[in-house]
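Following: one structure in structure tokens, then a few remarks.
In each ligand, atom 1 is the first atom listed, and ligand 1 is the first ligand listed.
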Amino acid sequence: MMPPDPLQHMVTRFAPSPTGRLHIGHGWSALMAMDMARAAGGAFRLRIEDIDGARSRPEHVAGIVEDLRWLGVAWDGAMMAQSERLAHYESALDRLRAMGLLYPCFCTRADIQAQWAASASAPHGSEGPVYPGACRGMPAAERAEKLAALPHAWRLDMAAAIAMAGPLDWRDAPFPYEGGGGRALAADPGTAGDVVLARKDAPASYHLSCTLDDAAMGVTHVLRGADLRSATPVHRLLQALLDLPSPLYIHHPLLIGPDGKRLAKRAGSIALAELRAAGVAADALAADLRAARFPVGISLGQA
Ligand code: GLU
């Protein structure tokens with residue numbers, strides 16, 4: 001018998017950051033990722049992205065688990081927590097460092113602002129103005145001295161990384177996902193500039209941890225919010241550099257509140273916990289979300 005083709009066995013995931021309680025947009029996203037996997041006879045996994053030391057709170061992890069269970073979101077296998085995977089991030093950083101693709105960055109936010117202000121036109125990328133590069137060409141002696149003395153992040157030397165990886169495509173499927181392998185889009189990670197892969201205050205950045213963990217979980221289909229679309233080419237580049245498989249990406253629109261802004265975790269009234277406390281029935285809410293019926297004033301933004 002042939003071994004199962006990993007791309008036939010669909011694995012999806014939901015990957016919340018425990019920076020607050022979940023709102024209906026998160027519930028909608030999690031239900032869709034779960035339903036996609038179930039319909040394909042695949043698996044749905046939960047990952048808690050809890051390495052943002054400044055914003056992640058352990059009590060929110062428990063709250064997220066409770067909110068998801070209440071809504072009827074059930075994941076396969078054990079939940080993965082990024083805080084338990086630091087050694088994996090460290091070894092990927094070592095590997096990229098040995099490839100000559102990382103450099104330490106000592107800049108504070110204020111330093112970066114000042115560099116932008118001093119340049120006639122701060123180059124803008126997909127995620128705002130890009131890092132101006134003050135630490136990229138730092139003389140070795142100065143770098144060694146600062147490394148020993150100052151807090152630092154590690155940045156990817158984007159030009160060197162792109163040169164090493166060569167041209168790349170990523171696979172994109174429209175939302176709602178109707179099956180198939182999507183279309184190939186040229187990845188243009190260069191517009192993101194020299195992204196941070198290890199933060200001063202966290203052992204790995206979102207880009208690195210997310211890319212490694214999606215691969216470690218065997219995720220074949222990433223369904224996530226359209227706000228993360230600009231991160232996908234960077235993830236594709238890291239996959240190429242680290243010899244990881246590349247999943248299919250589907251970006252869903254974000255929910256927009258009555259103020260015209262995307263729903264934030266602080267938006268209490270549409271938090272799952274608030275709805276539960278108000279006596280809303282979980283199965284009725286789940287049915288509404290599955291049908292993309294949202295409370296009055298809440299609508300879908302651009303995909
Ligand atoms: N942790 C991210 C968030 O809560 C989502 C990451 C992802 O789906 O790639 O926005």
Considering the heavy atoms of [X], write down every atom of ligand 1 situated less than 4.0 Å from one of them.
X      : value
Cys210 : 9 (O)
Leu228 : 5 (C), 6 (C), 7 (C), 8 (O), 9 (O)
Glu49  : 1 (N), 2 (C), 5 (C), 6 (C)
Arg13  : 7 (C), 8 (O), 9 (O)

Exercise. State whether Arg38 and Asp76 are salt-bridged, where the test is any N-O pair (Lys NZ or Arg NE/NH1/NH2 against Asp/Glu carboxylate O) under 4.0 Å.
Key: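 Yes, charged N to carboxylate O under 4.0 Å.
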Quiz item: Which part of Val222 is near ligand 1, with near meaning a heavy atom under 4.0 Å away: side chain, backbone, both or neither?
Solution: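 Neither part.
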Quiz item: Which part of Ser17 is near ligand 1, with near meaning a heavy atom under 4.0 Å away: side chain, backbone, both or neither?
Solution: both
Self-check item: Backbone of Ala78 reached by a side-chain donor or acceptor of Arg45 within 3.5 Å
Solution: yes
Self-check item: Exam field: side chain Arg236 to backbone Asp169, donor-acceptor pair closer than 3.5 Å
Solution: yes
Exercise. Work out whether the distance between some heavy atom of His26 and some atom of ligand 1 is less than 4.0 Å.
Key: no
Quiz item: Heavy atom of Tyr206 under 4.0 Å from ligand 1?
Solution: yes
Quiz item: CG/Leu289 to NE2/His26 distance, rounded to the nearest 0.5 angstrom?
Solution: 12.5 Å
Practice problem: Step through it carefully: locate the ring centre of His152, locate the ring centre of Tyr103, and say whether they are under 6.0 Å apart. | Solution: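 No; Tyr103 has its ring centre 6.0 Å or more from that of His152.
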Practice problem: Search all heavy atoms of Leu93 against all heavy atoms of Ala198 and return the closest pair with its distance. | Solution: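 Minimum heavy-atom separation between Leu93 and Ala198: CD1-CB, 3.7 Å.
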